[in-house]
Amino acid sequence: MNANLSPEEIVRREALVKLRQLSIDPFPAAEYETNATAAIIKANYQEGQEVSVAGRLMNQRIQGKAGFADLHDASGRIQIYINQEVLCPGEDKTLYQEVVRHLLHHGDFVGVKGKVFTTKLGEISINVSELTVLAKSLRPLPVVKTDAEGNVYDAFTDPEMRYRMRYVDLVVNPKVKDTFVKRTKIMNAMREFFNERGYLEVDTPVLQAIPGGASARPFITHHNTLDIPMYLRIANELYLKRLIVGGFDGVYEFSRNFRNEGMDRTHNPEFTVMEIYVSYKDYNWMMRFTEEMIEHVATQALGTTDVQFGDKSISFKAPFARVSMTDAILQHTGFDITGKTEDELRAKCVELGLEANENLGKGKLIDTLFGEMCEKHFIQPTFITDYPVEMSPLCKRHRDNPELTERFELMVNGKELANAYSELNDPIDQRERFEEQIKLMERGDDEAMFIDFDFLRALEYGMPPTSGMGIGIDRLVMMMTNNESIQEVLFFPQMRPEKKQDGPDLAAFENTGIPAYWIEALVSLGIHTLEQLKEVKPTALHQNLNTYRKKNKLDIPAAQLDEILTWIN
RNA sequence: GAUCUCGUAGCUCAGCUGGUAGAGCAAUACACUUUUAAUGUAUGGGCCCUGGGUUCGAGUCCCAGCGGGAUCACCA
């Protein structure tokens with residue numbers, strides 16, 4: 001038996017062998033027919049009803065000749081009662097004495113048949129008359145227990161382990177499962193809202209030759225046949241607009257976007273944004289549409305428009321407040337940005353102690369003022385409207401003021417949740433705005449956009465007036481499920497790959513003929529295996545070893561490059 | 001990227017100014033036919049993240065690394 005197994009794993013593997021000796025297949029192939037679930041039995045309680053259910057056996061409380069255990073299925077938990085005489089009415093008590101008492105463990109999958117009854121203490125339970133082993137669990141699950149007051153004991157809480165082993169997290173922490181069920185309900189409710197209005201759900205490329213539609217650093221990959229670099233999408237906006245050019249009334253997509261930027265509790269390298277574009281509409285229509293949609297989603301998915309997020313209560317009841325960008329900044333800084341020059345804006349930022357270097361254009365400066373001074377104050381859903389033209393290169397100019405755009409962002413809990421425009425459909429203006437972005441790029445704004453000439457060509461064929469809106473699904477789910485970190489609403493958040501931590505492979509070094517004094521040096525240089533040794537440049541290693549020799553004043557011959565080459569080959 | 005902080009049994013966690021590794025749950029054995037987290041008695045279980053250093057002696061102190069978390073920076 002493998003020496004790396006823990007004692008509990010060894011016990012379970014031995015049980016596996018013993019089950020086979022008793023002619024019980026621990027991993028049977030056949031379908032196991034069920035006619036109920038834990039939730040159904042509890043909801044439609046009928047004394048004496050014959051049921052067949054399957055799930056994980058948990059928390060056995062088996063005593064001498066009878067006892068209890070819990071069966072967890074996808075719907076929840078139900079208690080089972082196992083009595084030796086009911087399970088094994090004949091002479092042969094093996095199933096009870098051996099299998100139930102010794103060979104089944106916490107976490108094993110079993111199917112049970114039996115009559116439903118209520119225990120003395122009033123808990124709906126199944127009196128098991130047949131038990132089938134469905135799958136053995138070879139690793140012990142954490143045993144988490146909850147008492148009558150809801151206190152949780154021995155909770156499985158380490159975030160690293162929870163995220164890396166989400167399957168365990170889901171088994172053991174019911175709230176986690178609930179979050180993900182809600183996530184799907186939220187997306188379904190949104191879909192339903194769009195579909196009812198006749199808008200079409202579409203798929204557009206994830207792999208793009210030009211990463212457009214947003215300002216962000218993309219992931220780069222390479223297409224072999226075309227022999228060109230390709231990018232994972234940072235946004236799908238430009239593709240959806242092409243479809244509006246193509247004549248659809250309204251299109252939407254749940255877009256998995258990828259951005260090669262920092263990771264923290266609100267940023268994952270891949271994340272989901274829903275974007276929708278509707279022709280013949282403007283951003284005023286889109287504001288009404290958005291607040292109605294969010295109200296609908298909250299009602300459908302949560303059953304209420306009132307959401308508790310941390311210590312704050314948030315109401316998603318429409319209509320939401322509307323505040324212009326200019327008013328928001330005026331309100332929170334007393335400074336009126338109307339008609340101000342870049343230098344005046346920069347001076348104000350400096351006065352307020354905000355970062356405002358020469359790379360920042362007018363738009364970025366206003367964005368800084370808003371982001372630093374105002375954003376955090378908007379806890380209840382609020383539409384911030386009419387952004388400066390410099391920070392919105394894809395947005396139509398404001399009908400009353402050419403310095404502004406017809407844009408809104410929806411702020412909730414001090415964070416941006418949605419972003420929408422009256423889309424820019426003047427191809428000549430669009431081309432100029434892209435060229436402005438290129439100038440910003442040349443000034444050192446590494447987030448400025450690339451020019452997508454095919455998109456400009458599409459606009460030149462004519463795009464009807466259109467309003468578009470994007471909403472961060474992960475952030476919406478976080479708010480609606482009261483989770484402070486994005487990792488909690490993604491099944492498999494991105495983590496650094498697991499690295500097995502072995503000690504240095506001294507034997508391999510010795511076998512390669514490396515002298516003992518150099519092995520010591522290699523280890524302290526962080527080279528623990530032959531693979532690592534082969535990855536370093538021999539010339540660099542040569543230098544490093546001799547530096548090590550000198551630094552530690554070792555009385556050994558200096559390393560020779562030829563010698564090092566013989567180790568590697 | 002910066003700072004702080006954590007890494008001890010399958011899980012949750014103790015382990016003081018350095019002196020032979022601890023508890024509860026889980027596991028194993030025995031007893032027990034209705035328990036409500038969680039029966040009683042007994043037993044087993046540890047590369048204390050890795051490597052190096054200081055020391056007579058390191059889970060504990062120091063250095064480096066790996067991995068996590070928090071805060072900040074970055075984030076149309």
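Quick note on labels: first sequence line is chain A, next is B, and so on, each numbered from 1.
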Please tell me which of the listed nucleotides, [options], lies nearest to the side chain of [X]?
{"X": "A:E416", "options": "B:U33, B:A76, B:C25", "value": "B:A76"}
{"X": "A:F117", "options": "B:G67, B:G69, B:U34", "value": "B:U34"}
{"X": "A:H105", "options": "B:A27, B:U35, B:C11", "value": "B:A27"}
{"X": "A:T119", "options": "B:U35, B:A27, B:C11", "value": "B:U35"}
{"X": "A:T157", "options": "B:U34, B:G69, B:U12", "value": "B:U12"}
{"X": "A:K145", "options": "B:G68, B:A37, B:U34", "value": "B:A37"}

Residue whose nearest RNA chain B nucleotide is more 5′ - A:L121 or A:Q63: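 Its nearest nucleotide being more 5', the pick is A:Q63.
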Determine the contact category for [X]: base if any of its heavy atoms lies under 4.0 Å from a base atom, sugar-phosphate if only primed atoms, P, OP1 or OP2 are that close, otherwise nothing.
{"X": "A:E237", "result": "nothing"}
{"X": "A:S392", "result": "nothing"}
{"X": "A:Q79", "result": "base"}
{"X": "A:R265", "result": "sugar-phosphate"}
{"X": "A:H102", "result": "sugar-phosphate"}
{"X": "A:R101", "result": "base"}
{"X": "A:D264", "result": "base"}
{"X": "A:Y387", "result": "nothing"}

Report the distance from atom [atom1] of [X] to atom [atom2] of [N], rounded to the nearest whole Å.
{"X": "A:R61", "N": "B:U34", "atom1": "CZ", "atom2": "P", "value": "13 Å"}
{"X": "A:I62", "N": "B:A38", "atom1": "CD1", "atom2": "P", "value": "12 Å"}
{"X": "A:R12", "N": "B:A27", "atom1": "CZ", "atom2": "P", "value": "8 Å"}
{"X": "A:F156", "N": "B:G24", "atom1": "CZ", "atom2": "C1'", "value": "18 Å"}
{"X": "A:H106", "N": "B:U12", "atom1": "NE2", "atom2": "P", "value": "14 Å"}
{"X": "A:E9", "N": "B:A27", "atom1": "CD", "atom2": "C1'", "value": "12 Å"}
{"X": "A:R164", "N": "B:C66", "atom1": "CZ", "atom2": "C1'", "value": "11 Å"}

Taking the [atom1] atom of each, how far is [N] from [M], in whole Å?
{"N": "B:C13", "M": "B:C56", "atom1": "P", "value": "37 Å"}
{"N": "B:U34", "M": "B:A29", "atom1": "P", "value": "22 Å"}
{"N": "B:A27", "M": "B:C74", "atom1": "C1'", "value": "48 Å"}
{"N": "B:G68", "M": "B:U8", "atom1": "P", "value": "15 Å"}
{"N": "B:G44", "M": "B:U28", "atom1": "P", "value": "16 Å"}
{"N": "B:G46", "M": "B:A38", "atom1": "C1'", "value": "25 Å"}
{"N": "B:G15", "M": "B:A9", "atom1": "P", "value": "15 Å"}
{"N": "B:G59", "M": "B:U50", "atom1": "P", "value": "11 Å"}

Are [X] and [Y] ion-paired here, with the side-chain N under 4.0 Å from a carboxylate O?
{"X": "A:R397", "Y": "A:D429", "answer": "yes"}
{"X": "A:R77", "Y": "A:E123", "answer": "yes"}
{"X": "A:K241", "Y": "A:E237", "answer": "yes"}
{"X": "A:E409", "Y": "A:R407", "answer": "yes"}

Measuring only between side-chain heavy atoms, which start at C-beta, is A:F254 closer than 4.5 Å to A:E275?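 A side-chain contact under 4.5 Å is absent here.
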Counting only heavy atoms not in A:K175, do more than 12 fall under 6.0 Å of its NZ?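 For A:K175, atom NZ is not crowded (no more than 12 foreign heavy atoms under 6.0 Å).
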OP1 or OP2 of B:U34 under 4.0 Å from side-chain N/O of A:K65: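 Answer no for this pair, as no side-chain N or O of A:K65 is under 4.0 Å from OP1 or OP2.
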Under a 3.5 Å limit for both distances, which nucleotide forms a Watson-Crick or G-U wobble pair with B:U35, could you say?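 Looking at the geometry, B:U35 pairs with no nucleotide.
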State the pairing partner of B:U3; accept Watson-Crick or G-U wobble contacts with both distances under 3.5 Å, and report none otherwise.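 Looking at the geometry, B:U3 pairs with B:A70.
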Is a donor-acceptor pair below 3.5 Å formed from side chain [X] to base [N], judging by atom type as modelled?
{"X": "A:E123", "N": "B:U36", "result": "yes"}
{"X": "A:S125", "N": "B:U34", "result": "no"}
{"X": "A:E8", "N": "B:U28", "result": "no"}
{"X": "A:R259", "N": "B:A76", "result": "yes"}

Just checking, any donor-acceptor pair under 3.5 angstrom between side chains of A:R101 and A:Q63?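 Judged by distance alone, the side chains do not pair up.
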Does the plane of the ring in A:F370 sit parallel, tilted or perpendicular to the ring in A:F378? Use 30° and 60° as the thresholds.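 Ring orientation of A:F370 relative to A:F378: parallel.
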